[in-house]
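Working notes for the structure below.
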2 protein chains.
Amino acid sequence: MDANAPNAIGNKPGDFETALTSDDRVDLRVWLRLLTCVNLIERTVRNNLREDFDITLPRFDLLAQLDRAPKGLSMGQLSRRLMVSNGNVTGLINRLLSEGLVERSHIRGDRRTQLVSLTAAGKRAFDSITPAHAAWISEAFASLSRDEMTTLYGLLAKLKAGQIKPDERP
Amino acid sequence: MDANAPNAIGNKPGDFETALTSDDRVDLRVWLRLLTCVNLIERTVRNNLREDFDITLPRFDLLAQLDRAPKGLSMGQLSRRLMVSNGNVTGLINRLLSEGLVERSHIRGDRRTQLVSLTAAGKRAFDSITPAHAAWISEAFASLSRDEMTTLYGLLAKLKAGQIKPDERP
DNA sequence: AAAAATTAGTTTATATATAAAATATTTCGT
DNA sequence: ACGAAATATTTTATATATAAACTAATTTTT
């Protein structure tokens with residue numbers, strides 16, 4: 001502890017030279033509100049998935065990816081599409097395997113890669129959840145008009161484009 | 001519900017009677033884009049916090065709450081403000097305690113409650129991170145004009161208001 | 001005041017998530 | 001063809017998060 005460390009006022013190092021105007025607070029407020037909205041909606045979806053279908057959101061997301069790719073996906077492709085680490089996908093797939101919702105098959109020619117795809121049970125489970133999921137999302141956005149949704153969609157496009165994405169290889 | 005709802009085609013007989021029009025896809029697309037934006041920005045913030053300050057986002061968020069409440073907060077208040085479970089707060093506080101960034105004190109009159117507050121070191125750490133954090137957020141939203149930020153802020157207000165929140169006690 | 005209910009918090013079991021190291025396997029340079 | 005580099009995935013250690021069960025203290029009821 002410092003002997004004389006009362007109030008360290010005005011301790012602003014010159015590292016962040018971005019013109020920090022009063023807009024900063026606007027940015028922060030928008031960011032916090034954005035976070036709040038997403039967290040509230042996501043929480044609802046998680047709770048509904050658990051209560052109504054006894055499944056978690058990450059597992060549902062994984063099933064959704066596989067549903068879109070009938071030929072199956074490799075672990076790496078799943079990792080990239082879900083934007084999570086490889087190790088995370090390993091754990092998720094193991095749990096879904098033990099639940100019988102997905103299956104693995106080897107690829108000829110490359111013994112490192114494995115193709116993951118939905119089982120019939122997995123497909124059935126996913127199809128049974130989808131309409132409810134769509135309804136929840138619909139309800140979550142019910143307070144915005146169609147025009148407002150369009151505006152929001154456009155703003156989010158710009159926001160997304162502004163995030164520098166390193167590389168994405170499908 | 002509006003009796004004159006447009007094309008209520010193929011209403012499912014069962015549970016989800018909400019008129020599922022073609023708008024559903026719009027909702028889903030907006031939701032997915034919203035999620036993507038938040039995930040991209042949050043990932044950047046997490047990485048920057050780890051690389052530049054060797055701290056995690058949940059710990060930073062907790063410090064931020066304590067910084068705003070100089071008198072300290074109880075575990076329950078922290079749990080409510082951060083919108084996470086009690087047990088989660090217990091773990092976070094234990095780690096921050098062992099890092100010397102926060103401290104606990106008993107309250108007279110109620111031996112169940114403990115007040116958590118920032119230590120000098122915690123306050124120092126938080127103050128050193130804040131400007132960088134603001135700059136990251138500023139940069140994340142740089143692709144939107146001031147007007148667009150205002151519009152977005154308004155739309156998010158409506159969206160947030162549309163989520164039914166049970167109760168919130170400050 | 002004793003029993004019942006509420007409140008505050010921790011503990012436990014489990015799931016999700018990451019980073020970094022480890023293990024295979026394939027491909028590339030020479 | 002051989003060693004080096006790259007690729008695909010798993011393993012390990014750790015952090016975050018929840019729900020449900022539990023402990024302890026305070027209030028409320030009767």
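Numbered from 1 within each chain, the chains take letters A, B, ... in sequence-line order. Since we're looking at a predicted model, the values are computed, not measured. In what follows, every heavy atom counts, from backbone to side chain, and hydrogens, waters and symmetry copies are set aside.
For the pair A:Gly109 and A:Gly87, both in contact range of DNA chain C, the more 5′-proximal nearest nucleotide belongs to A:Gly87. Mapping A:Val84 and B:Gln114 onto DNA chain C via the closest heavy atom, the residue that lands nearer the 5' end is B:Gln114. Along DNA chain D, the nucleotide closest to A:Asn47 and the one closest to A:Gly76 are compared, and the more 5′ of them pairs with A:Gly76.
At the phosphate of C:dT10, OP1 or OP2 sits under 4.0 Å from a side-chain N or O atom of B:Arg104. Using a 4.0 Å cut-off, no side-chain N or O of B:Asn86 falls inside it from OP1 or OP2 of C:dG9. Of the side-chain N and O atoms in B:Arg46, none sit less than 4.0 angstrom from OP1 or OP2 of C:dT18. Phosphate proximity of D:dT26 to B:Arg111: present, with a side-chain N or O under 4.0 Å from OP1 or OP2.
Cluster membership check: B:Tyr153 shares its hydrophobic cluster with A:Leu155, using side-chain heavy-atom separations under 4.5 Å among Ile, Leu, Val, Met, Phe, Trp and Tyr.
A donor-acceptor distance shorter than 3.5 angstrom exists from the side chain of A:Ser143 to the backbone of B:Lys158, with no hydrogens or angles considered. The main-chain N or O of B:Val84 is found under 3.5 Å from a side-chain atom of B:Ser79 such that the two form a donor-acceptor pair. A donor-acceptor contact shorter than 3.5 Å links the side chain of A:Thr119 to the backbone of A:Leu101.
In this entry the distance linking CG of A:Asn94 with P of D:dT9 reads 13 Å, nearest Å. Rounded to an integer number of Å, the gap from B:Leu82 CG to D:dT18 P is 10 Å. Straight-line distance from the CG atom of B:Leu78 to the C1' atom of D:dA17: 16 Å, rounded to whole Å. What separates CZ of B:Arg80 from C1' of C:dG9 is a distance of 12 Å, to the nearest Å. To the nearest angstrom, P of C:dA17 lies 12 Å from CD of B:Glu42. A:Met75 places its CE atom 14 Å from the P atom of C:dA17, with the value rounded to the nearest Å. A:Leu49 places its CG atom 16 Å from the P atom of D:dT18, with the value rounded to the nearest Å. Atoms CD1 (A:Ile55) and C1' (D:dT18) sit 17 Å apart, rounded to a whole Å.
Checked against D:dT18, D:dA15, C:dA20, the side chain of B:Arg50 finds its nearest nucleotide in C:dA20. Of the candidate nucleotides D:dT18, C:dT25, C:dA17, C:dA17 has the atom lying nearest to any side-chain atom of A:Leu92. When each of C:dT18, D:dT18, C:dT11 is scored by its nearest atom to the side-chain atoms of B:Thr90, the top-ranked nucleotide is C:dT11.
Considering CG of B:Leu63 and CG of B:Leu96, their distance stands at 5.5 Å, rounded to 0.5 Å.
When B:Leu28, B:Leu34, B:Val26 are each tested for a side-chain contact (heavy atoms from CB on, under 4.5 Å) with A:Phe141, only one passes: B:Leu34.
Residue contacts shown for B:Ser85 include a base, since a base heavy atom lies under 4.0 Å away. Using a 4.0 Å heavy-atom criterion, one finds that A:Asn88 contacts the bases of the nucleic acid, with or without backbone contacts as well. Within the 4.0 angstrom heavy-atom criterion, only backbone atoms of the sugar-phosphate kind lie near B:Ser74; the bases stay farther away.
In terms of polar N and O atoms assigned as donor or acceptor, the side chain of A:Arg112 comes within less than 3.5 Å of the base of D:dT7 in a complementary pairing.
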